[in-house]
Amino acid sequence: MTELNGNELRCTGCGIALQTDRKDAVGYAPPSALDRNPVLCQRCFRIKHYNEASSVTPDQGEFLRLLNGVGATDSLVVHITDIFDFEGSLISSLPRFVGRNGIVLVVNKFDLLPHGTNPNRIRNWVQQRAKEEGLRVEDVLIVSAKKGSNVDRLAETLDALRRGRDIYVVGATNVGKSSLINRLIADYSDLDAELTVSSFPGTTLDLVRIPLDDRGAVVDTPGIVYEHRLTEAVPKSALGSIVPNRPLKPVTYQLNASQTLFFGALARFDFLEGNSQSFTCYVSPALDIHRTKLERADALYEEQRGDLLQPPKRDQLAELPPLVKHRLRIKRGTKTDIFISGLGWIRVNGDGGAEIDVYAPKGIKTMLRNAMI
Ligand code: GDP
């Protein structure tokens, strides 16, 4: 907390207590900003002067209190997720928190799927997955904030569904929430109006209200940190290898039983039993995949993690949680993805069924799902 003459300093835009230590946390302001009048946190400053939303991260408890507060409003909730880490970025408990308010599910980063992917098929897949996860939604939109695709459709949909109410935007970190809000602000907001404080009773977190042309507003909530995502668990220097920044180029391996794939030193895939079959890896093109024999895999990992098997580099290995094993059985005739949150997925094309061990860092969400593509 930052003080001036013994008084706690608060942002005049959103009301949050200011701090000058942690750039990515709520209430951050550079020390030089404290002398300005009015004093604004960096997040409000950027929205006001550059039409730019930026992300901040509260702890999970604060975030859940904040979601509860949304339930007490009459509003439209826009939940933004990332198609590359769909299950990792999905807030499946959202309906419990937002009460009777409708939810629009927005799936961002469509541009990362392989060229030629049909957005309607992805939309059907998302609808099905959301239902299975217990998330009832009013609509599903597949967009790319980066390319601007389908963003006009999103704006129209929100306009039609919000009926003059406020829009609350919620999402996990790095799903592209700020990028999308920036596009919406540019098209829809009247920034001559002052940013206003919106705080729920019982929360220490205040929200940024971005006024729209009518009486409503887009309310930006801080991004939730999910520790079950690999992107939250790896050393920062490894992010460049696992977060794709161009379309995925799936790589197919024809494997016999007793063969192993390593994904850097971050994950391991052992094909234990089943007919020779193909497995297609949807991971960042910047991530090295290394194939070996199962009988050599333990020794290779011992000797080469941090060297041949990277990321992480040897001196950062200690930052990575230890790999834990998940035994998976793929039924004959099913099209299945083995999903590792933040790393991507491996599509099992097998018609013959397969028994597989997947190793992923402890705590990272690892699961089977119907194949996306
Ligand atoms: P926030 O944390 O949810 O507010 O996300 P940001 O808007 O800060 O974006 C997080 C990262 O995702 C940044 O590196 C963006 O460049 C990237 N990003 C945002 N939208 C897209 C998109 O549509 N496609 C791709 N490929 N990357 C995106």
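FYI, side chains are in, hydrogens and waters are out, and symmetry mates aren't considered; it's all heavy atoms of this structure.
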Transitive ILVMFWY cluster of Leu294, excluding itself - 4.5 Å side-chain cut-off: Leu272

Nearest atoms (heavy-atom pairs only) where Leu135 meets Ile91: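 Minimum heavy-atom contact is CD1-O, 3.8 Å.
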
Non-hydrogen atoms of Asn101 and Asp74 that approach each other most closely: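 Closest approach of Asn101 to Asp74, heavy atoms only: OD1-CA, 3.7 Å.
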
side-chain hydrogen bond (donor to acceptor under 3.5 Å, both in side chains) contacts in which one or both residues fall within residues 253-267, not counting sequence neighbours: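 Output for this query lists Gln254-Ser276, Asn256-Ser276, Thr260-Asp270.
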
NZ or CZ of Arg36 within 45° of Phe45 ring axis and under 6.0 Å: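 Checked: cation-pi criterion met.
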
More than 12 non-hydrogen atoms from neighbouring residues, nucleotides or ligands closer than 6.0 Å to [atom1] on [X], yes or no?
X      : atom1 : result
Lys313 : NZ    : no
Lys335 : NZ    : yes
Arg332 : CZ    : no
Arg121 : CZ    : no

Modelled atom types, side-chain donor and acceptor of Asp166 and Ser75, under 3.5 Å: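 The answer is no; no qualifying pair exists.
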
Test item: side-chain donor near acceptor, Thr280 and Asn349, under 3.5 Å: yes

side-chain contact (heavy atoms from CB on, under 4.5 Å) between Phe110 and Val143, worked out: CA-CA 6 Å; Phe110 177 69; Val143 306; over 6 Å; no

Backbone of Glu87 reached by a side-chain donor or acceptor of Lys365 within 3.5 Å: yes

Test side-chain contact (heavy atoms from CB on, under 4.5 Å) applied to Thr173 and Ile224, step by step: CA-CA 6 Å; Thr173 51; Ile224 186 170; over 6 Å; no

Separation of Tyr28 OH from Thr20 OG1 (nearest 0.5 Å): 7.0 Å

Salt-bridge criterion met for Glu132 and Arg369 (N-O under 4.0 Å): no

